[in-house]
Amino acid sequence: MTRSELIDEVTSKASNFTKRDVEVIVSTLFKSITESLGRGEKIEIRGFGSFKVKDRNARKGRNPKSGEGIEVESKRVPFFKAGKELKERVDAGAKPHSED
Amino acid sequence: MTKADLVEVAFETVGCSKKDVAEVVDQVFESIKCALEKGDKVKVSGFGNFTVRHKKARRGRNPQTGEEITIGERNVMTFKASQILKDAVNSGGS
């Protein structure tokens, strides 16, 4: 399912809204989550899951091609943890399709 | 930030009834859940991909008691953030 398929499906179920409205809402949604994570905040959506930022310490890495040692700087990474309902539904649901 | 805050922001941008906006927001997450439940992956361009992976059964150990247990086969989901999201997290106020 892609973003546009998601928009189509939501539009078909939300009778009060045009596709354009749903597009705006979906964009706003993911934009807000992105911005909020950018501020280092945690986003919690009941039944779905939570997004937060994790810190990664600086470490010594190696360029896998040349074998040369390099310093990897500390950074922050976005992280998603599935909520209880989502976890249970995914586990009880169908096996993942192998194709993309 | 909670779902109520997300609804608030979306409501300010579209400006229809808040109740309707809340329904659409719920529907968005419900549709994603349904797709994942069917074993589909959900790709949100510019944000990230939600994918389902099948895990085979394996022997595990209760870390507290040291007791051996079998962890049954199961489906789990993973989220892979897009480069855009990764960049947003690193540029913001660190």
Side-chain angles (χ1 to χ4, degrees), chain A residues 1-7 9-11 13-14 16-17 20-22 24-49 51 53-55 74-83 85-87 89-97 100, chain B residues 1-3 5-14 16-17 19-21 23-48 50-54 73-82 84-94:
Chain A
M1 184 187 239
T2 60
R3 180 195 280 257
S4 62
E5 285 163 355
L6 174 64
I7 289 166
E9 188 177 316
V10 174
T11 306
K13 293 195 169 147
N16 290 354
F17 288 87
R20 182 83 200 108
D21 288 334
V22 174
V24 173
I25 294 175
V26 169
S27 310
T28 311
L29 221 55
F30 290 111
K31 200 171 140 237
S32 307
I33 298 176
T34 305
E35 287 170 356
S36 183
L37 283 172
R39 293 191 295 269
E41 294 168 10
K42 183 179 179 187
I43 300 99
E44 208 181 314
I45 301 150
R46 276 289 145 92
F48 187 73
F51 294 91
V53 178
K54 283 190 172 180
D55 288 313
S74 68
K75 62 178 172 183
R76 306 206 284 181
V77 291
F79 184 80
F80 175 72
K81 186 166 183 252
E85 190 204 329
L86 177 56
K87 252 191 204 167
R89 282 174 63 178
V90 164
D91 189 26
K95 273 194 188 183
H97 306 313
D100 269 23
Chain B
M1 203 178 210
T2 61
K3 196 162 71 189
D5 299 315
L6 291 174
V7 169
E8 193 63 41
V9 182
F11 167 69
E12 280 161 22
T13 1
V14 271
C16 354
S17 116
K19 191 171 152 275
D20 288 346
V21 175
E23 255 167 52
V24 173
V25 171
D26 278 334
Q27 188 56 55
V28 170
F29 293 113
E30 183 55 33
S31 294
I32 297 176
K33 281 190 270 190
C34 283
L36 293 170
E37 195 171 29
K38 285 182 220 145
D40 279 344
K41 66 157 68 160
V42 180
K43 303 195 218 182
V44 184
S45 57
F47 187 74
F50 298 89
T51 47
V52 181
R53 307 181 69 155
H54 184 74
E73 61 171 328
R74 66 216 157 101
N75 294 325
V76 294
M77 64 134 306
T78 56
F79 172 70
K80 188 163 185 283
S82 74
I84 297 171
L85 180 55
K86 285 182 192 166
D87 290 344
V89 164
N90 271 292
S91 62
S94 55

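Each chain gets a letter, A, B and so on, in the order its sequence line appears, and its residues count up from 1. Side chains are part of it too, since the values below use all heavy atoms of this structure and drop only hydrogens, waters and symmetry mates.
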Are side-chain heavy atoms of [X] and [Y] found at a separation under 4.5 Å?
X: Leu29(A); Y: Val25(B); result: yes
X: Thr13(B); Y: Ile25(A); result: no
X: Met1(B); Y: Ser32(A); result: yes

Check: Just by distance, do the side chain of Asn90(B) and the backbone of Arg76(A) share a donor-acceptor pair under 3.5 Å?
Finding: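 A pair under 3.5 Å: yes.
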
Residue selection (most heavy-atom pairs with chain A, distance under 4.5 Å) from [options]:
options: Ser45(B), Gly46(B), Cys34(B), Ala81(B); answer: Ser45(B)
options: Thr78(B), Val42(B), Leu36(B); answer: Val42(B)
options: Val7(B), Ile84(B), Val24(B), Val9(B); answer: Val24(B)
options: Val14(B), Val76(B), Asp20(B), Asp5(B); answer: Asp20(B)

Notebook entry, point to check: Who pairs with Thr11(A) by side-chain hydrogen bond (donor to acceptor under 3.5 Å, both in side chains), at least two apart in sequence or on another chain?
Noted result: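 Checked Thr11(A) against side-chain hydrogen bond (donor to acceptor under 3.5 Å, both in side chains); zero matches.
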
Next item on the list: Please name all residues satisfying side-chain hydrogen bond (donor to acceptor under 3.5 Å, both in side chains) with Arg20(A), sequence neighbours left out, ordered by chain then number.
Entry: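 Checked Arg20(A) against side-chain hydrogen bond (donor to acceptor under 3.5 Å, both in side chains); matches are Glu23(A).
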
For [X], is it the side chain, the backbone, both, or neither that has a heavy atom closer than 4.5 Å to a heavy atom of chain A?
X: Arg53(B); answer: backbone
X: Phe50(B); answer: side chain
X: Gln27(B); answer: both
X: Lys86(B); answer: both

Taking all non-hydrogen atoms of both residues into account, name the closest pair between [X] and [Y] and its distance.
X: Lys33(B); Y: Gly47(A); value: NZ-O, 3.3 Å
X: Val21(B); Y: Phe17(A); value: N-CZ, 3.8 Å
X: Met1(A); Y: Ala35(B); value: SD-CB, 3.8 Å
X: Ala10(B); Y: Thr28(A); value: CA-CG2, 4.0 Å

Next item on the list: Say whether Asn75(B) and Asp91(A), considering side chains only, have a donor N or O and an acceptor N or O under 3.5 Å apart.
Entry: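 No, because no side-chain N or O of Asn75(B) sits under 3.5 Å from a partner of the opposite role on Asp91(A).
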
Notebook entry, point to check: Taking atom types as modelled, is there a side-chain donor on Thr2(B) or Glu44(A) under 3.5 Å from an acceptor on the other?
Noted result: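 Note: Thr2(B) and Glu44(A) side chains miss the donor-acceptor criterion.
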
Next item on the list: To the nearest 0.5 Å, tell me how far Ile33(A) CD1 sits from Phe47(B) CZ.
Entry: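 So the gap between those two atoms works out to 4.5 Å.
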
Check: What's the spacing between Asp87(B) CG and Lys75(A) NZ if we round to 0.5 Å?
Finding: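 One gets 10.5 Å once the value is rounded to the nearest 0.5 Å.
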
Next item on the list: For the residue pair Phe79(B) and Phe80(A), categorise the inter-ring angle as parallel (less than 30°), tilted (30 to 60°) or perpendicular (more than 60°).
Entry: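 Ring orientation of Phe79(B) relative to Phe80(A): perpendicular.
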
Most contacts with chain B, counted as non-hydrogen pairs under 4.5 angstrom, among [options]:
options: Glu41(A), Lys42(A), Lys81(A); value: Lys42(A)
options: Val53(A), Ile43(A), Asn16(A); value: Ile43(A)
options: Pro78(A), Ala14(A), Gly93(A); value: Pro78(A)

Notebook entry, point to check: Do NZ/NE/NH1/NH2 and the carboxylate oxygens of Glu30(B) and Arg89(A) come within less than 4.0 Å?
Noted result: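 A salt bridge links Glu30(B) with Arg89(A).
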
Chain B contact via [X] - side chain, backbone, both or neither, heavy atoms under 4.5 Å:
X: Leu6(A); result: side chain
X: Glu5(A); result: neither
X: Val24(A); result: side chain

Checklist line | Test side-chain contact (heavy atoms from CB on, under 4.5 Å) applied to Ile45(A) and Leu6(B), step by step | finding: CA-CA 9 Å; Ile45(A) 301 150; Leu6(B) 291 174; 4.0 Å; yes

Next item on the list: Begin with the C-alpha distance, continue with both residues' side-chain angles, and end with the deciding distance and a verdict on side-chain contact (heavy atoms from CB on, under 4.5 Å) for Met77(B) and Leu86(A).
Entry: CA-CA 9 Å; Met77(B) 64 134 306; Leu86(A) 177 56; 3.4 Å; yes

